[in-house]
Amino acid sequence: QVQLVESGGGSVQPGGSLRLSCAASGSIGNMAWYRQTAEKQRELVAAITSGGLTDYADFVKGRFTISRDNNKNMVYLQMNSLSSEDTGVYFCGGSLRRYPSARLMYSNYDDWGQGTQVTVSS
């Protein structure tokens, strides 16, 4: 089991930016960011393989960028052009396996962080 700890959440005005970070306690394979809002169940935001292949939900394409630093066991989510609809709790998920595809089923992720709150409001 790998411990995941998210950071970087906070409050921002519409149009603003935030960068989320997720620190893993050890080496990990595929990783992803999910979010949970008041209206929806946990949904995929972005995913990345150990080799750097990425996939995004349609609602964040062109605005969010997922990246990782394998030397530091870190994954990041750069979020730009934020809107109120992006408000929610963002979770980092990690798989102990290394799958060739970025987008996985929710059940493929073995470990989750505690989440970090993102609030977009004027």
Side-chain angles (χ1 to χ4, degrees):
Q1 187 177 7
V2 175
Q3 305 294 325
L4 300 173
V5 179
E6 302 98 335
S7 61
S11 296
V12 65
Q13 292 185 340
S17 299
L18 282 174
R19 188 193 194 209
L20 305 183
S21 299
C22 175
S25 61
S27 179
I28 199 160
N30 292 57
M31 300 188 77
W33 287 96
Y34 276 70
R35 73 184 185 188
Q36 189 160 359
T37 66
E39 297 82 18
K40 298 180 181 179
Q41 295 182 341
R42 199 174 291 193
E43 59 183 355
L44 173 71
V45 175
I48 188 168
T49 67
S50 58
L53 292 176
T54 59
D55 198 358
Y56 297 90
D58 287 343
F59 55 79
V60 303
K61 284 182 179 178
R63 301 189 300 126
F64 292 9
T65 302
I66 188 172
S67 61
R68 65 189 292 165
D69 185 335
N70 291 335
N71 292 327
K72 297 180 179 179
N73 293 326
M74 296 285 295
V75 67
Y76 307 97
L77 185 68
Q78 177 66 45
M79 304 187 295
N80 299 326
S81 302
L82 287 162
S83 72
S84 59
E85 295 180 348
D86 296 313
T87 294
V89 180
Y90 285 69
F91 296 90
C92 171
S95 171
L96 298 177
R97 295 180 175 86
R98 287 166 172 77
Y99 297 92
S101 299
R103 186 174 293 228
L104 305 178
M105 294 178 62
Y106 182 84
S107 59
N108 287 125
Y109 296 102
D110 302 294
D111 300 296
W112 292 93
Q114 80 289 350
T116 185
Q117 176 71 43
V118 172
T119 302
V120 185
S121 174
S122 56

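Nothing fancy with the numbering, it's 1 onward along the sequence. Below, each value reflects all heavy atoms present in this structure, side chains not excepted, and no hydrogens, waters or symmetry copies.
S17 pairs by the side chain to side chain donor-acceptor pair (under 3.5 Å) definition with N80, not counting sequence neighbours. For the salt bridge (charged side-chain N to carboxylate O under 4.0 Å, His left out) test, residues two or more places apart in sequence or in another chain that qualify with D86 are R35, R63. S7 meets the side-chain contact (heavy atoms from CB on, under 4.5 Å) test with S21; sequence neighbours excluded. Residues passing the side-chain contact (heavy atoms from CB on, under 4.5 Å) test with E39 are T37, sequence neighbours excluded. For T119, the side chain to side chain donor-acceptor pair (under 3.5 Å) criterion is met by Q117, not counting sequence neighbours. For R103, the salt bridge (charged side-chain N to carboxylate O under 4.0 Å, His left out) test picks out D55, with sequence neighbours left out. Shown here are the ring pair (Phe, Tyr, Trp, His ring centres under 6.0 Å) partners of Y99, two or more places apart in sequence or in another chain: there are none. Residues passing the salt bridge (charged side-chain N to carboxylate O under 4.0 Å, His left out) test with D58 are K61, sequence neighbours excluded. Partners of D110 under the side chain to side chain donor-acceptor pair (under 3.5 Å) rule, at least two apart in sequence or in another chain, do not exist in this structure.
In this structure, CG in L20 is found 9.0 Å from CD in Q78, a value given to the nearest 0.5 Å. The CG atom of D111 sits 9.0 Å away from atom CE of M31, with the distance rounded to the nearest 0.5 Å. In this structure, CG on D69 lies 8.0 Å from CE on M74, to the nearest 0.5 angstrom.
Under a hydrophobic-cluster definition in which Ile, Leu, Val, Met, Phe, Trp and Tyr are linked whenever side-chain heavy atoms come within less than 4.5 Å, directly or via other members, Y56 and L18 are assigned to the same cluster. Y76 and V2 are members of different hydrophobic clusters when ILVMFWY side chains are connected at heavy-atom separations under 4.5 Å. Cluster membership check: V5 does not share its hydrophobic cluster with W112, using side-chain heavy-atom separations under 4.5 Å among Ile, Leu, Val, Met, Phe, Trp and Tyr. Linking ILVMFWY residues whenever their side-chain heavy atoms come closer than 4.5 Å, directly or via other members, leaves V75 and L53 in distinct clusters. I66 and L104 fall into different hydrophobic clusters, where Ile, Leu, Val, Met, Phe, Trp and Tyr residues are linked whenever their side-chain heavy atoms come under 4.5 Å apart, directly or through other members.
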* To do: Starting from the C-alpha separation in whole Å, work towards a yes-or-no answer on side-chain contact (heavy atoms from CB on, under 4.5 Å) for I28 and L4.
  => CA-CA 10 Å; I28 199 160; L4 300 173; 4.1 Å; yes
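Between the Q36 side chain and the G88 main chain, no donor and acceptor come within less than 3.5 Å of each other. Distance alone, capped at 3.5 Å, places no donor-acceptor pair between the T54 side chain and the I48 backbone. Here the side chain of Q13 pairs no donor or acceptor atom with the backbone of S122 at under 3.5 angstrom.
Residue pairs meeting the salt bridge (charged side-chain N to carboxylate O under 4.0 Å, His left out) criterion with at least one member in residues 13-30, sequence neighbours excluded, do not occur. Within the structure, disulfide bond (SG atoms under 2.5 Å apart) pairs that include any residue of residues 75-122 comprise C22-C92 (at least two apart or interchain). The side-chain hydrogen bond (donor to acceptor under 3.5 Å, both in side chains) pairs that include a residue from residues 24-33 are S27-R98, where partners are two or more places apart or lie in different chains.
Counting all heavy atoms, side chain and backbone alike, Y109 lies closest to A47 at OH-CB, 3.9 Å. In this structure, A46 and L44 approach most closely via the heavy-atom pair O-CD1, 3.6 Å.
Screening Y90, Y106, F91 against Y34 for a ring-ring contact (aromatic ring centres under 6.0 Å, His included) leaves a single residue, Y106.
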